[in-house]
A.B. asks: 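Before I ask anything, let me first share the structure, which is written out below as structure tokens.
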2 protein chains.
Amino acid sequence: MSSEKNPLSPRIDKTGNIDILIAAAECFMEQGYHATSIDDVARRLGATKGRIYHYYRSKTELFFDVHREGMRRNFEAVTPVMKGPEPAARRLSAMFRQHALSMMENLALEAVVVQGVEMHRFGATTPEQRRTLAELMTVRNDFESLFKRVAYEGVEDGSIRTSDVSVAVKVALGAINWLSIWYRPRPAETRDDREILADKIVDSIMQGLNAPD
Amino acid sequence: MSSEKNPLSPRIDKTGNIDILIAAAECFMEQGYHATSIDDVARRLGATKGRIYHYYRSKTELFFDVHREGMRRNFEAVTPVMKGPEPAARRLSAMFRQHALSMMENLALEAVVVQGVEMHRFGATTPEQRRTLAELMTVRNDFESLFKRVAYEGVEDGSIRTSDVSVAVKVALGAINWLSIWYRPRPAETRDDREILADKIVDSIMQGLNAPD
DNA sequence: ACGCTCACATACTACTTGGTATGTTTTTTG
DNA sequence: CAAAAAACATACCAAGTAGTATGTGAGCGT
């Protein structure tokens with residue numbers, strides 16, 4: 001099974017150039033895609049353009065691979081908890097929780113994913129880039145569909161109540177993705193701290209703000 | 001009362017250059033701030049750079065004024081419904097609803113507000129720009145504080161339940177702001193359609209996803 | 001030890017773009 | 001109605017940047 005076939009695997013292959021993806025993600029997060037020059041990324045790597053263009057044919061391709069790696073980690077975090085014997089509401093909670101944690105622990109990558117969604121109107125010049133962009137959007141929709149499916153199960157098994165599954169899922173994912181805007185790890189933060197925050201977020205999403213009668 | 005004193009009023013004054021703000025907002029929404037050239041904005045206006053630089057000394061100032069106008073409309077939408085005799089939970093609902101509607105009806109401006117500030121967090125060059133940026137962040141915080149204050153009232157009067165007011169408000173506002181990513185008006189959309197969507201969103205935020213026992 | 005390939009660094013170019021300096025036309029004002 | 005100012009348009013430049021072409025040293029198979 002070559003990694004070429006799987007649209008979720010960036011071609012980091014055997015080479016350890018994941019460093020490039022991380023450095024690029026950090027730059028993109030801090031300054032945005034267009035404000036980041038290839039030299040900026042290279043400087044953060046302690047290298048020069050040569051290294052980056054050795055692995056990526058263009059800045060756009062670099063961005064795409066950062067996006068791919070971010071989405072890959074999203075799936076990696078969520079899929080293990082989406083199936084099971086529990087009622088769908090509990091599984092959905094767990095998925096939200098995992099996604100929130102993944103958001104915090106891969107902040108730079110996920111910030112690029114979030115930012116990349118806005119760039120839907122990207123100046124996708126070449127036909128190949130357009131196809132790649134469409135592919136990324138498909139992956140994004142598939143990710144959202146994971147949540148929708150479990151939410152529908154919840155409506156059927158009675159553990160979930162909502163006026164509109166699609167809207168409710170968009171609301172919940174929006175709330176979590178919004179982490180990339182306001183969340184920044186504090187200096188001596190632990191895994192526990194992040195789990196506490198994730199639990200609060202999931203609680204807000206699942207229980208809402210209205211006090212029970 | 002000169003509009004110079006009020007940090008929320010862009011200096012659109014008597015001149016009708018609100019057109020410039022709208023055109024800029026639309027460009028920024030579609031391509032992002034850095035990918036948008038002044039010529040792009042001018043082209044959308046059916047004009048040239050000269051017109052824009054006649055009113056704005058730099059691209060950064062233009063961005064700032066777009067942001068100001070977006071925030072001004074946010075306050076305008078929310079403040080009328082935040083006070084009253086009803087329990088805080090109802091007022092908070094109304095605020096969320098108004099904010100969601102404002103989001104949809106000023107999509108371009110609000111998209112810039114949402115995606116804008118964090119892109120500039122690191123790039124503010126001149127001291128004056130840094131001060132303006134700090135001012136905008138203050139306005140942003142003030143807006144969030146509006147919601148927090150009413151949410152606290154709700155905790156005290158018993159109409160709201162949450163494990164953490166600050167997090168709950170960020171979750172709710174994130175959900176609404178996320179509209180700027182996925183919401184696009186359909187061709188023959190009416191005000192009613194938008195109100196229905198807003199109600200669904202508010203319902204998700206206030207009631208959560210868990211079915212009542 | 002020799003060639004060959006990989007993994008970069010260096011040097012350079014073509015093009016974009018923010019900003020300016022300077023016209024030109026319309027509106028306002030005295 | 002003349003003159004001044006406002007409201008633009010035109011022409012231009014300096015700076016930054018994506019991408020390329022080429023150099024170079026280290027490893028590696030033979």
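Just so it is clear: chains get the letters A, B, ... in the order the sequence lines come, proteins before strands, and each one is counted from 1. Computed from heavy atoms alone, side chains included, the values below leave out hydrogens, waters and symmetry copies.
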A.B. asks: Which whole-number value in Å describes the distance from Asp19(A) CG to dA7(C) P?
C.D. replies: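 In whole Å, dA7(C) P and Asp19(A) CG are 14 Å from each other.
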
A.B. asks: Under a 4.0 Å N-O cut-off, is there an ion pair linking Arg131(B) with Glu135(B)?
C.D. replies: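 Result for this pair is no, no salt bridge flagged.
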
A.B. asks: Among dA18(D), dC8(D), dG19(C), find the nucleotide with the atom closest to the side chain of Ser37(A).
C.D. replies: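 Of dA18(D), dC8(D), dG19(C), dA18(D) is nearest to the side chain of Ser37(A).
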
A.B. asks: Between the base of dA18(D) and the side chain of Lys49(A), is there a donor-acceptor distance below 3.5 Å?
C.D. replies: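 Checked by distance alone, the answer is yes.
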
A.B. asks: Between dA9(D), dC8(C), dG19(D), spot the one nearest the side chain of Tyr55(A), thanks.
C.D. replies: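 When the side chain of Tyr55(A) is considered, dC8(C) is the closest of dA9(D), dC8(C), dG19(D).
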
A.B. asks: Mind calculating the distance between CG (Asp39(B)) and C1' (dA11(D)) to the nearest angstrom?
C.D. replies: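 Spelled out: CG on Asp39(B) to C1' on dA11(D) is 12 Å.
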
A.B. asks: Using whole Å, report how far CZ of Arg43(B) lies from P of dC8(D).
C.D. replies: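 From Arg43(B) CZ to dC8(D) P: 19 Å.
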
A.B. asks: We want to know whether Ser37(A) and Asp40(A) form a side-chain donor-acceptor pair, criterion being a heavy-atom distance below 3.5 angstrom.
C.D. replies: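 Looking only at side-chain atoms, Asp40(A) and Ser37(A) do form a donor-acceptor pair, the distance falling under 3.5 Å.
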
A.B. asks: Would the Tyr56(B) and Phe64(B) ring centres measure less than 6.0 Å apart?
C.D. replies: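 Not under 6.0 Å, so no.
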
A.B. asks: Looking at dC8(C), dG19(C), dC8(D), which one has an atom nearest to any side-chain atom of His54(A)?
C.D. replies: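 Shortest atom-to-atom distance from the side chain points to dC8(C).
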
A.B. asks: Cation over ring, Lys59(A) on Tyr33(A), under 6.0 Å and within 45°?
C.D. replies: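 Ring-cation test returns yes.
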
A.B. asks: Arg51(B) has an atom CZ; how far is it from atom P of dA11(D), in whole Å?
C.D. replies: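 One finds 20 Å between P of dA11(D) and CZ of Arg51(B), rounded.
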
A.B. asks: From the options dC8(C), dG18(C), dT10(D), select the nucleotide whose nearest atom is closest to the side chain of Thr48(B).
C.D. replies: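 The answer is dT10(D).
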
A.B. asks: Can you identify which nucleotide, out of dA9(C), dG19(C), dC8(D), has its nearest atom closest to the Tyr53(B) side chain?
C.D. replies: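 Looking only at side-chain atoms, Tyr53(B) lies closest to dG19(C).
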
A.B. asks: Whole-Å distance between dG16(D) P and His34(B) NE2?
C.D. replies: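 Interatomic distance, NE2 of His34(B) to P of dG16(D): 15 Å.
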
